[in-house]
Amino acid sequence: MNGWTEGYVGGIDYIRAFYRDWSPALLSFALTLRGWRPPTALRDGAFTLAELGCGHGLTSAVLAGANPRARFEAMDFNPSHIAGARRLAAEGGLANAAFLEESFAEHARRDGPPLDAVALHGVWSWVSAENRAILVEVLRRRLAPGGVVFVSYNALPGTLAHMPLRRLLVEQCAAGTGPLPDRIERAVEFAARLAALGGGWFAGADGVTERIESLRHKSPNYIAHEYLNGDWTAFYHADVARELAAAKLEFAGAAVPMEQLDDLTLSPAAQAMAAEAADPAVAETLRDVLTNRSFRRDLFVKGGERLTPAERSLLLRATRFALLVPPDDLPEVASTPLGRLPFPRAVHGPLGEALGAGPRRLGELLALPALAAQGEAAVVRALVLLTSLGFAAPLPEEDGLAERQAQADRFNGAVLERHRSGDTPGHLASPLLGSGVALSRIEGLFLLAARLAEDPADLAWRHLSADGIALGRDGRRFESAEESIAELASRHAAFTARRQPLLARLGVR
Ligand SMILES: C[S@@+](CC[C@H](N)C(=O)[O-])C[C@H]1O[C@@H](n2cnc3c(N)ncnc32)[C@H](O)[C@@H]1O
């Protein structure tokens, strides 16, 4: 093991991923819903956001590409993560993002501007108690009054069921030989063979066999960083709340708006029992017990100000929303981690139609007779579901859009160039959302061709074939280049008809 890793898994990079959970407009929406005044800086776009333990820094980079007035400070002690993040920032012209190669302890000694928001994703459960104390100290010293922290962690009691799995993987990997990815693969197969025997723990624990099966499709990079760290601690929410209280932080609510809706997961009797707890941290922990939650994404605020119901309603009504899919792609029933949720036509029909025409403030939506008839609570609930499930998003203020567009165009240009080789964050910056939008390699090559006024199918095929990527249809692999190019031309026609207009509305071009 390398000396600098402090028990964190070394020798294998984390996966490259973008997470929209701490996009500024989403943070503001989640806080407002729970009756907290969101930091003014988050709303006017001139905020400072730190991501501690940023991995490859893709989320910070894409957010920086979409929020030029904001400043991003992203740090990680893994030099290969930071080297890649700096290269992306340089190519994308990100003057507003600093990627720092340092440990939490080194970072805690650094001075810097007050932070309006901090993201701790994939960190809290995977580092030592000593490092958590250092992180608390960073928050105590640097988070601005009114600032918000996003923190994710493995939660109890749901994670209890998975503890023996982690142990199995750790022991098997330690006993194995050869490169770590191969040892991980063999360890997962071993766990799958054990699970196939059934009985014992496998019979008694919920969802374990399914989790092992899902690990067979995950990259060794993910499995290493989830399961193989020296520290791996699952928390009761109440304990996280108590540790963070040392930085004057108070629990503000679930970061995923939908998770704030108790009635989606709890019966009326269960809601009433959770509400009996006088301490909000205990109430939240009871909810986890009643739902057997295994992962949490929480928001905490430092000196958060409470909104009156009238102020909350005003702020919500002033919030703009945009659809992230064509309106006719909105489902009638959505499959969610919480089960199947119906989208009642009476609300979702007129809502989809109105947002299909362009972004609207909640106030404007409520002025439409069909939605006014449903009432504010029903429309807000529909927006909570749509935004949580990625069908819609809350937007930052219109002010500054031209500046955001200019920066996003420059950043996206660099990212699109990377689609030639496939080395991309998988997301482009959307100036409308102030956040990222997912894009496949082929879609990126189509957009690149449009920028360069080249034939899209030819350009895409040139780069895909150079990487040995074969295309096919209905299970048949195309033998000739002509067939592949024809297939790409047909995919491009579909892209131009449905996806490109949507991307253009989001300012992604
Ligand atoms: C699971 S990754 C999460 C990355 C990123 N936040 C994301 O969500 O994609 C955790 C990251 O924390 C970093 N890390 C762990 N311990 C650290 C420490 N003591 N100091 C600095 N970075 C650390 C690791 O290198 C790793 O990149």
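We count residues from 1, following the sequence as given. Just follow the structure's listing: the first ligand is 1, and inside any ligand the first atom is 1.
For the atom pair Leu215 CG and Leu169 CG, the distance stands at 6.5 Å (nearest 0.5 Å). Remark: Ser440 OG to Phe446 CZ distance equals 8.0 Å, nearest 0.5 Å. Distance check: Arg20 CZ to His427 NE2 gives 9.0 Å after rounding to the nearest 0.5 Å.
Considering only non-hydrogen protein atoms, atom 3 (C) of ligand 1 sits nearest to His121 O, 3.3 Å. Looking only at protein heavy atoms, the nearest one to atom 1 (C) of ligand 1 is Gly122 O, 3.2 Å. Looking from atom 27 (O) of ligand 1 to the surrounding protein, the closest heavy atom is Asp76 OD2, 2.6 Å. The protein heavy-atom contact nearest to atom 22 (N) of ligand 1 is Phe77 N, 3.2 Å. In terms of protein heavy-atom proximity, atom 20 (N) of ligand 1 is nearest to Phe104 N, 3.0 Å.
A 4.5 Å side-chain heavy-atom check between Leu324 and Leu433 finds at least one atom pair inside the cut-off. A 4.5 Å side-chain heavy-atom check between Pro425 and Val415 finds at least one atom pair inside the cut-off.
At a heavy-atom cutoff of 4.0 Å, ligand 1 is contacted by the backbone of Cys54 but not by its side chain. Looking at Glu6 against ligand 1, only its side chain comes within 4.0 Å, counting heavy atoms. With a 4.0 Å heavy-atom cut-off, ligand 1 is reached by no atom of His56. Residue contacts with ligand 1, taken as heavy atom pairs separated by less than 4.0 Å, involve Tyr8 solely via side-chain atoms from C-beta onward. The proximity of Glu51 to ligand 1, defined as any non-hydrogen pair under 4.0 Å, is limited to the side chain.
Considering both main-chain and side-chain atoms, Ser103 never comes within under 3.5 Å of ligand 1 through any nitrogen or oxygen pair. Ligand 1 has no N or O atom lying under 3.5 Å from any N or O atom of Val127, backbone or side chain. The distance criterion of under 3.5 Å between nitrogen or oxygen atoms is met by Gly53 with respect to ligand 1.
In the vicinity of Tyr19, heavy-atom distances shorter than 4.0 Å reach the ligand 1 atoms 7 (C), 8 (O), 9 (O). If you number the atoms of ligand 1 from 1 as listed, the ones under 4.0 Å from a heavy atom of Tyr14 come out as 1 (C), 2 (S), 3 (C), 4 (C), 7 (C), 9 (O).
In summary, Arg420 and Glu417 engage in a salt bridge, as defined by a charged side-chain N under 4.0 Å from a carboxylate O. Here Glu189 does not pair with Arg186 in a salt bridge; the nearest charged N to carboxylate O distance is not below 4.0 Å. Using a 4.0 Å cut-off between charged nitrogen and carboxylate oxygen, Glu106 and Arg110 do not count as a salt-bridge pair.
With 3.5 Å as the limit, one finds no donor-acceptor pair spanning the side chains of Arg166 and Tyr227.
Distances from ligand 1 to the non-hydrogen atoms of Glu106 include no value under 4.0 Å.
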